[in-house]
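Here, residue 1 is the first one in the sequence, and each next residue gets the next number.
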Amino acid sequence: MKNLILILVFLPFNLLAQHWYSMDINIDKGRQNDAVQLMDDYFSKYGTEGMQVYLFYNNIGNHKELSNHSIIWVGDLQTISDGLGGKFNKGAETTLFWKRLWEMSEFVQDYTGMFAAQYGNVLDTTRKLQFCWAVKANNRNQFIQAWSDFFEKNDPKNTTHILTKAILNRGFGGANLYGLAAASSYKEMIDAQELRYSTKSWDEFLEKNGGAEVLLHWSRDEVKSWQ
């Protein structure tokens, strides 16, 4: 049961932005820098429309189900919906941006979430090591309550933890929760994890969360962000 530790990392999200949209893509080998340059050029010219945009490299995990990269937009749901739906469309420039992106990458899947709880300093930009998971909880609200109860009793130390609800299109065969843990190094992450496992309140979390299935877990690194 201890393998249920939930570690997914998006960071450093401003929690005033309550929603996120993830687009998982496979960027062709050797083209990551080209993708970054494309996004640099576009966002430097047009901005992000009040959203935060992140490019992640997924370096450990099942890439057949995941992807080798993810682009994540963070903001209020209406802004994300309007932005991706074309309200902020820049005409030929935006069409060309997507055309060039798809020339060097392939769409895998997309999914959306809403922030439910967070512990630790979510604004600490040094915590770029990210472990990720997607979960199908038997009772989502019960799981969130048990997760929150645990962190209310235990200082996350040098890590940041965020739990989000899946909404709209759910990924990975029906995940209803996504979570995250962020740290500055593997040592900090593992030390914090071992500390959690050794507490009585962790056993209580396992007993009271209502049961859950981990559908996929992976780690990733932030390549670059735009805001």
task: Establish whether Met114 and Leu163 are linked, either directly or via other cluster members, by ILVMFWY side-chain heavy-atom contacts under 4.5 Å.
output: no
query: Between Tyr54 and Trp226, is the gap from one ring center to the other below 6.0 Å?
result: no
message: Tyr21 vs Asp110, test: side-chain hydrogen bond (donor to acceptor under 3.5 Å, both in side chains). Steps then yes/no.
response: CA-CA 7 Å; Tyr21 167 75; Asp110 61 352; 2.7 Å; yes
- prompt: If you take all heavy atoms of Ala116 and Ile144, which pair is closest and at what distance?
  reply: CB-CD1, 4.1 Å
- request: List in chain and number order the residues that pass salt bridge (Lys or Arg N to Asp or Glu O under 4.0 Å) with Lys200, two or more places apart in sequence or in another chain; answer none if no residue qualifies.
  value: none
- prompt: With Asp221, which residues qualify under salt bridge (Lys or Arg N to Asp or Glu O under 4.0 Å), at least two apart?
  reply: none
statement: Hits for salt bridge (Lys or Arg N to Asp or Glu O under 4.0 Å) against Lys208, two or more places apart or cross-chain, chain-then-number order -> none
message: In this structure, would Ile167 and Leu215 fall into the same cluster of hydrophobic residues linked by side-chain contacts under 4.5 Å?
response: no
- request: Keeping the roles fixed (side chain from Ser105, backbone from Ile25), state whether a donor-acceptor pair exists under 3.5 Å.
  value: no
task: List for me each residue that meets side chain to side chain contact (heavy atoms under 4.5 Å, CB included) alongside Thr199, sequence neighbours excluded, and say none if there are none.
output: Phe150, Asn154, Ser201, Trp202
query: How long is the gap from CE on Met51 to CH2 on Trp20, to the nearest 0.5 Å?
result: 15.5 Å
field: Heavy-atom donor-acceptor pair, Asn58 side chain to Ser67 backbone, under 3.5 Å
entry: yes
query: With sequence neighbours left out, what residues match Asp40 under salt bridge (Lys or Arg N to Asp or Glu O under 4.0 Å)?
result: Lys224
task: Sort and list the pairs that fulfil side-chain hydrogen bond (donor to acceptor under 3.5 Å, both in side chains) and have at least one residue in residues 134-144, not counting sequence neighbours.
output: none
field: Worked check of side-chain hydrogen bond (donor to acceptor under 3.5 Å, both in side chains) between His69 and Gln32
entry: CA-CA 9 Å; His69 287 79; Gln32 176 180 283; 2.7 Å; yes
task: Considering non-hydrogen atoms only, spot the tightest contact between Gln227 and Thr48 and give its length.
output: C-OG1, 3.6 Å
query: Under the ring pair (Phe, Tyr, Trp, His ring centres under 6.0 Å) test, which residues partner Phe107, sequence neighbours left out?
result: none
query: Any donor-acceptor pair under 3.5 Å linking the side chain of Arg127 with the backbone of Thr159?
result: yes
- prompt: What residues form a side chain to side chain contact (heavy atoms under 4.5 Å, CB included) with Gln145, not counting sequence neighbours?
  reply: Asp149
field: Nearest heavy atoms of Leu177 and Ala137, plus distance in Å
entry: CD1-CB, 3.8 Å
message: Going by the rule ring pair (Phe, Tyr, Trp, His ring centres under 6.0 Å), which residues pair with Phe172 if we only count those two or more places apart in sequence or in a different chain?
response: Tyr111, Trp218
query: Is Tyr178 reaching over with its side chain to a backbone N or O of Gly171, donor-acceptor style, under 3.5 angstrom?
result: yes
field: Working for side chain to side chain contact (heavy atoms under 4.5 Å, CB included), residues His19 and Val74
entry: CA-CA 6 Å; His19 297 85; Val74 182; over 6 Å; no
Heavy-atom pair with the smallest gap, counting every atom of Leu66 and Val108: O-CG1, 3.0 Å
Counterpart residues, ring pair (Phe, Tyr, Trp, His ring centres under 6.0 Å), relative to Tyr119 (two or more places apart): Trp147, Phe151
statement: Here the salt bridge (charged side-chain N to carboxylate O under 4.0 Å, His left out) pairs for residues 22-33, sequence neighbours left out, are Arg31-Asp34
task: Would you mind listing every salt bridge (charged side-chain N to carboxylate O under 4.0 Å, His left out) that reaches into residues 159-187, with sequence neighbours excluded?
output: Lys187-Asp191
